[in-house]
A.B. asks: 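Encoded as structure tokens, here's the structure I'll be asking about.
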Amino acid sequence: MSKPAVEKQSRAQFELREVGIVKSVREFIVMACGMPSCVNGQFVEFKDGVKGMVMGFKEDDVQVLVLGSQASIHVGDEVYNKGEMAVIPVGEGFLGRMVNALAEPRDGMGQIEPQDSYSLFRDAPGVMDRIPVDQTLETGTKILDAVIPIAKGQRQLLIGDRITGKTSVALDCILNQNGRNVVCIYCCIGKTYSNLLKVLNLLREREALDYTVVVSGIASVPVGEQFLAPYTACTIGEYFMQHGRDVFVVFDDLTKHSWVYRQISLLLERAPGREAYPGDIFYIHSQLVERAGYLKPELGGGSMTFFPIVEILQGDVTGYVSTNLISMTDGQIYLNTSLFNKGVRPAIDFGLSVSRIGNKAQWPIMKQLSSKLRLEYLQYQELVQMTQLRAAGLSKEAETKLKRGSAMTQIFIQEKNRPVVMEELIVHLYVLSRGILDDQSQDDLKKYKKVFFDSYQKAFPEMVQKIRQGKEMTQEVKESINTALKKYFEIE
Ligand code: ATP
Ligand code: MG
């Protein structure tokens, strides 16, 4: 009678695994033989516990991407296939933590207790699982909230040259989620450690780390980890989305990710295509960005919004990787070097930036106030160029447009790491639409920006609440702003 129990016990002590042999090690790609049951995208383990991921096959050999240091892997070593798929732990415990691409803690704050484990390459939610977007993601950047609105579940590309404020726009959005019940994830790919430290310090200082997860795939970690980092960030986000939360993910940046993948592909001896990128460079990014979305209420109603960042050279938005990404996102925010150098920051280019779905979720009041802004601004820029050639003899209408445009530019200029709440933006846009700011000097406008909303909020706190609750501009609110304006400008 006791025999089955003994059998069961002894069986539990055994681990089923296939043992292969390392045939060659080339940088971070290992060729191994003797593992016939391996499948693509699964984890294998080397002798000293270093993990690897199966990336492909060549005749009888398996190509493995090393997810760790390859220094200790030598030809002839054993490699084990335990049939483990590429899964990572996920859960609430990741909030406030920094992890690597395998979701292992990297901040020295101890283990993270996972609630579940999710596949790194999960399928994106199907069409029937999603609903159209209807909630605004408040980014805290004035131009975005007014003219290029972002909806929860949207994928919005942040594109621009080096040092144009891309990271700052994304970080402002994270800072602005304080108290708004949005889980943020910052995924760093191919950046330096000092870049990452700056971000961490900022998030910590501004108490934004409590609702943020940082996934580190910095340039000094193994290439395999840099490749997996965005998928890890996405998978960690999916846990929160499946549990009905809104998630905001920043991928900083996908240009580096494509370079990493090109490096891997060339070492895997895959045929190089345009600019030496492999044929499936399009696929790896679309597979990633498709995972964003807005789930239907029956599935918890969670959402995942993506801000992939792409770095380009000399303003060339038509580069290979950037055009691919533009075509697979719901809009782009283009940051312009010349605007940045002129001091117009955030240097968002009105002409080339669009949000294809965001206005469906925009607050009605904001829609009403901002409907003409883009046109007005573009006309203003044309006029500025014209007046550089011929300054005299402008019509009255053109002069008004010039004044309005310059006031608008000043209103939209914003310091970094100072997100602005929607209520404040709405009040500014209302005042702008009344034409009161057109005749102000630049210095007066700067002072107005600093002082007016605070004094209005102090005088009419209940009106500010009403703007948020009603999301529209009632007569009552208008009157209160007008009263505050009269007091501020001392006009009768
Ligand atoms: P990189 O190409 O290095 O990733 P980036 O495009 O992400 O750069 P940031 O790192 O965000 O750019 O910003 C570059 C510099 O510009 C920083 O020194 C930052 O302080 C400054 N900066 C960014 N946005 C603003 C702003 N709104 N106002 C003033 N300075 C800004
Ligand atoms: Mg950056």
A.B. asks: Within the side chain of Glu423, is there an N or O that forms a donor-acceptor pair under 3.5 Å with the backbone of Lys466?
C.D. replies: no
A.B. asks: For residues Thr305 and Val247, determine if any side-chain heavy atom of one lies less than 4.5 Å from a side-chain heavy atom of the other.
C.D. replies: no
A.B. asks: Charged N to carboxylate O under 4.0 angstrom, Arg106 versus Glu104?
C.D. replies: yes
A.B. asks: So His257 and His285, would you call those rings parallel, tilted or perpendicular, with 30° and 60° as cut-offs?
C.D. replies: tilted
A.B. asks: Charged N to carboxylate O below 4.0 Å: is that the case for Glu490 and Lys486?
C.D. replies: no
A.B. asks: Less than 4.0 angstrom from a charged side-chain N to a carboxylate O is my criterion; do Arg356 and Asp330 meet it?
C.D. replies: no
A.B. asks: Inspect the surroundings of NZ in Lys478 and state if more than 12 heavy atoms from other residues, nucleotides or ligands are less than 6.0 Å away.
C.D. replies: yes
A.B. asks: What I want to find out is whether Lys403 reaches Asp439 closely enough, with some N-O distance under 4.0 Å, to be called a salt bridge.
C.D. replies: yes
A.B. asks: Tell me whether the rings of Phe452 and Tyr456 are parallel (<30°), tilted (30 to 60°) or perpendicular (>60°).
C.D. replies: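 Taking Tyr456 first and then Phe452, their aromatic rings lie parallel (interplane angle under 30°).
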A.B. asks: Hey, are Asp253 and Lys191 close enough for a salt bridge, meaning a charged N less than 4.0 Å from a carboxylate O?
C.D. replies: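 Counted as a salt bridge, because a side-chain N and a carboxylate O are separated by less than 4.0 Å.
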A.B. asks: Let's go through Lys449 and Glu415 carefully: what are the C-alpha distance in whole Å and the side-chain angles of both, what is the deciding distance for salt bridge (Lys or Arg N to Asp or Glu O under 4.0 Å) to 0.1 Å, and is it a yes or a no?
C.D. replies: CA-CA 12 Å; Lys449 261 198 318 190; Glu415 261 180 61; over 6 Å; no
A.B. asks: Within 45° of the ring axis of Phe340 and under 6.0 Å from its six-membered ring centre, is that where the NZ or CZ of Arg345 lies?
C.D. replies: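 Yes, Arg345 lies over the aromatic ring of Phe340.
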A.B. asks: Can you confirm whether Tyr211 sits close enough to Ile174 that some side-chain heavy atom of one is under 4.5 Å from a side-chain heavy atom of the other?
C.D. replies: yes
A.B. asks: Taking the side chain as every heavy atom from C-beta outward, state whether Leu313 and Asp161 have any pair of such atoms under 4.5 Å apart.
C.D. replies: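 Side chain of Leu313 against side chain of Asp161, heavy atoms only: no contact under 4.5 Å found.
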A.B. asks: Compute both the distance and the angle, then confirm whether Arg122 meets the cation-pi test with Tyr118: under 6.0 Å from the six-membered ring centre, within 45 degrees of the axis.
C.D. replies: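 Yes, Arg122 sits over the ring of Tyr118.
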A.B. asks: Check whether any side-chain heavy atom of Ile185 lies under 4.5 Å from a side-chain heavy atom of Ile236, and answer yes or no.
C.D. replies: yes
A.B. asks: Find out whether Tyr294 and Pro132 are in side-chain contact, i.e. whether some heavy atom of one side chain is under 4.5 Å from a heavy atom of the other.
C.D. replies: no
A.B. asks: With a 4.5 Å cut-off on side-chain heavy atoms, are Ser216 and Val99 touching?
C.D. replies: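 Result no, sub-4.5 Å side-chain heavy-atom pair not found.
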A.B. asks: Regarding Arg245 and the six-membered ring of Phe240, is the cationic atom NZ or CZ under 6.0 Å from the ring centre and inside 45° of its axis?
C.D. replies: no
A.B. asks: Are the side chains of Gln381 and Tyr377 in touch, meaning some heavy atoms are under 4.5 Å apart?
C.D. replies: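 The answer is yes, as the side chains (C-beta and beyond) meet within the 4.5 Å cut-off.
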A.B. asks: Could you check, using the six-membered ring where one of them is a Trp, whether Phe307 and Phe251 have ring centers closer than 6.0 angstrom?
C.D. replies: no
A.B. asks: Whether Glu424 and Lys142 form a salt bridge (side-chain N of Lys/Arg under 4.0 Å from carboxylate O of Asp/Glu) is what I want to check.
C.D. replies: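 The answer is no: the pair does not qualify as a salt bridge.
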A.B. asks: For Lys256, is there an ion pair with Glu311 - N to carboxylate O distance below 4.0 angstrom?
C.D. replies: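 Result for this pair is yes, salt bridge flagged.
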A.B. asks: In this structure, is the centre-to-centre distance between the rings of Tyr448 and His428 below 6.0 Å?
C.D. replies: yes
A.B. asks: I want to check something: taking the side chain as every heavy atom from C-beta on, are Met473 and Pro364 in contact at a cut-off of under 4.5 Å?
C.D. replies: no
A.B. asks: Do Glu238 and Arg291 sit within salt-bridge range, that is, some charged N less than 4.0 Å from a carboxylate O?
C.D. replies: yes
